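Below is one structure, written out as structure tokens; comments come after it.
These figures come from a predicted structure and were not determined experimentally. First the proteins, then the strands, lettered A, B, ... as listed; each starts at 1.
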2 protein chains.
Amino acid sequence: MTNTPLTRSEAKDLTRRRLIRAALEILDKEGEAGLTTVKVAKAAGIAQSSFYVHFKDKQDLLRALGDEGGERLRRAMREARRQAREAPTELESHRDTFRIPLDAISRHPELLRIQLRARHDPSSPLREFATETAKAYRDHHAADLAALGYTADNERDRRRLEMIAEGINAATNALAIGHIEGRYPEIEEAVDVLVALSRGALRWLRATQTGS
Amino acid sequence: MTNTPLTRSEAKDLTRRRLIRAALEILDKEGEAGLTTVKVAKAAGIAQSSFYVHFKDKQDLLRALGDEGGERLRRAMREARRQAREAPTELESHRDTFRIPLDAISRHPELLRIQLRARHDPSSPLREFATETAKAYRDHHAADLAALGYTADNERDRRRLEMIAEGINAATNALAIGHIEGRYPEIEEAVDVLVALSRGALRWLRATQTGS
DNA sequence: AATTTCACCGATAGTACTATCGGTGAAACT
DNA sequence: AGTTTCACCGATAGTACTATCGGTGAAATT
């Protein structure tokens, strides 16, 4: 194994990353209640008091976790999108709309779990992260709807599109969790279901767009 | 105001219900982290130490909250179903499948919030409550699919129906939260969206049922 | 080579909460 | 009327965690 001839700031940065990594794992496995400076520091291999060399306080760590989580998620989405761009047909491209988030989530399941938990917890400092993440997914689906020519020119239609994007997003998350937990081994099967649900919404939009 | 000529056990029962009521409110407003015996007891108007007259420990309270929450939810679902039984047409009856959970949730929004939070929190003693509640909703939707003649005779179809029920359920919860938060003021509009999503899934099932 | 910087350490003060204990008075029982 | 029961109380021991502080040695700087 290679030695560690690190400069001081490199070593500090490494420790900081170890702390964040450990914190994310503990957060995922034990929840926010189990996230203590004692456990995080120990898991990162330093003394509890040294935690404060890297973070002002626990709140500061949570903030960093939100940033890091968002960063990872955007990276995963970008990567999934990059792979999808090689998709040949237009049909495939529509399937991609659903495959991209599923792939991104599968890459970092802990982020979805943490997000879903924080989303409805008024006491969680990660709520901002959860809200932003949810918005990113919703925008993703809203962009898909817009690309298919479904736009809103009044309040009612705007609400409809938002509800559809939110519903599809929630279904995507639920199936992603099921996939992570092993109940739905095949991502393509989940994509099938999401495409079917989505088509129902689109058909309804078309049927009611010009009429009443 | 009426006096309180209560027997001892009546008074104790009243206090116990006050504790559960206070605990549910604190849980909803401040999350599990904010739920302490100090706050619950104070909110119920008794001393912190008297909390232990009614519950063995905090765990015991959480267990009681799960029971109480499940009870309230089942009552709300039953009541909503009772009202729905007066539905005239078959179309209305199908809409009711989605209106019932939405109504039930609107009646006790705190229970959904608590459930969604606990569902993915490994440290939460309320996880069982969350799992059971989620199952109750899923069964509700699965029963609807069965009533429409969609049954599974192989593994793949079983998975499909489960994924659809789970997806619809997740969408229902998401729209219910949106309704509670005021973004979707009209329940009927949410029902429209859910019906549309559902129809897409049913159409897909029909199209692929006998073929490939 | 001498000096400074600083990531890390152990010890510990402070805080918040859980759970127990002995005491009290009014309700319930005899 | 006398006795027992028990819901509730204040006090407090015990536990877990946060955050601070002075000290240390090796890296960085001079």
Side-chain angles (χ1 to χ4, degrees), chain A residues 2-27 29-66 121-126, chain B residues 2-27 29-66 121-126:
Chain A
T2 55
N3 238 359
T4 50
L6 299 174
T7 70
R8 230 191 239 189
S9 70
E10 280 172 339
K12 182 175 183 181
D13 218 62
L14 180 63
T15 303
R16 186 192 157 90
R17 265 176 288 142
R18 278 204 189 113
L19 283 167
I20 287 178
R21 200 180 131 102
L24 275 176
E25 192 173 327
I26 292 170
L27 198 56
K29 287 206 183 128
E30 307 183 34
E32 261 182 64
L35 190 76
T36 68
T37 57
V38 181
K39 284 186 197 163
V40 174
K42 190 175 174 184
I46 61 173
Q48 184 265 343
S49 61
S50 301
F51 171 91
Y52 293 90
V53 172
H54 301 272
F55 301 100
K56 189 184 153 290
D57 51 24
K58 215 173 123 178
Q59 185 86 7
D60 192 29
L61 168 68
L62 271 300
R63 201 188 42 68
L65 286 187
D121 191 341
S123 70
S124 173
L126 285 171
Chain B
T2 55
N3 240 359
T4 49
L6 299 174
T7 70
R8 233 192 234 190
S9 69
E10 280 173 338
K12 183 177 184 182
D13 218 63
L14 179 63
T15 303
R16 186 191 157 92
R17 266 177 286 142
R18 278 203 189 115
L19 283 168
I20 287 179
R21 201 180 131 104
L24 275 177
E25 191 173 329
I26 292 170
L27 198 56
K29 287 206 182 128
E30 307 183 34
E32 261 183 62
L35 190 76
T36 68
T37 57
V38 180
K39 283 187 197 163
V40 174
K42 190 174 173 185
I46 62 171
Q48 183 267 341
S49 60
S50 300
F51 171 91
Y52 293 90
V53 171
H54 301 271
F55 301 100
K56 189 185 152 290
D57 51 23
K58 215 174 126 179
Q59 186 85 7
D60 192 31
L61 168 67
L62 270 299
R63 200 189 42 67
L65 286 187
D121 191 341
S123 70
S124 173
L126 286 171

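- Proximity of a side-chain donor or acceptor of B:Lys29 to a complementary backbone N or O of B:Gly34 within less than 3.5 Å is not detected.
- Look at CZ on A:Arg17: it is 16 Å from C1' on C:dA7, rounded to the nearest Å.
- A distance of 8.0 Å separates CD in B:Glu32 from CG in A:Asp121, rounded to the nearest 0.5 Å.
- When rounded to the nearest whole Å, the span between CD of A:Gln59 and C1' of D:dT18 equals 13 Å.
- Scanning both residues, B:Leu19 and B:Ala44, for their nearest heavy atoms gives CD2-CB, 3.6 Å.
- In this structure, the CG atom of B:Asp13 is 15 Å from the C1' atom of D:dC6, given to the nearest Å.
- D:dT12 atom C1' lies 11 Å from atom CD of B:Gln48, rounded to whole Å.
- Between B:Lys39 and A:Ala11, the residue anchored closer to the 5' end of DNA chain C is A:Ala11, taking for each the nucleotide with the nearest heavy atom.
- Side-chain proximity of A:Lys58 to the nucleotides D:dC9, D:dT18, C:dC8 is greatest for D:dT18.
- Between the C1' atom of C:dA7 and the CG atom of A:Leu19 lies a distance of 12 Å, rounded to the nearest Å.
- Between atom CD1 of residue B:Ile26 and atom CG of residue B:Leu35 there is a gap of 6.0 Å, rounded to the nearest 0.5 Å.
- Screening A:Thr15, A:Ile20, A:Asp13 for a side-chain contact (heavy atoms from CB on, under 4.5 Å) involving A:Arg17 leaves a single residue, A:Asp13.
- With D:dA7, D:dT18, C:dA7 as the choices, the nucleotide that has an atom nearest any side-chain atom of B:Val53 turns out to be D:dA7.
- Pair assignment for C:dG22: D:dC9, on the basis of Watson-Crick or G-U wobble contacts that are both within less than 3.5 Å.
- Each of B:Phe51 and A:Ala47 was matched to the nucleotide of DNA chain C holding its nearest heavy atom; the match closer to the 5' end belongs to A:Ala47.
- In this structure, B:Ser50 does not reach the D:dA7 phosphate: none of its side-chain N or O atoms is under 4.0 Å from OP1 or OP2.
- The distance between atom CG of B:Asp60 and atom P of C:dT18, rounded to the nearest whole Å, is 14 Å.
- Between the CZ atom of B:Phe55 and the CG atom of B:Leu62 there is a distance of 10.0 Å, given to the nearest 0.5 Å.
- The side chain of B:Asp57 lies closest to C:dA19, out of C:dA11, C:dA19, D:dC9.
- When the side-chain nitrogen and oxygen atoms of A:Ser49 are compared with OP1 and OP2 of D:dT20, none of them lie within a distance under 4.0 Å.
- Side-chain contact between B:Lys12 and B:Val53: present, with at least one pair of heavy atoms (C-beta onward) separated by less than 4.5 Å.
- Distance, A:His54 NE2 to C:dC6 C1': 11 Å, rounded to whole Å.
- Put simply, CG on B:Leu62 is 11 Å from P on C:dT18, counting in whole angstrom units.
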What does nucleotides 25-30 of chain D look like as a protein-contact string, B for base, S for sugar-phosphate only, - for none, at under 4.0 angstrom between heavy atoms? -BBS--
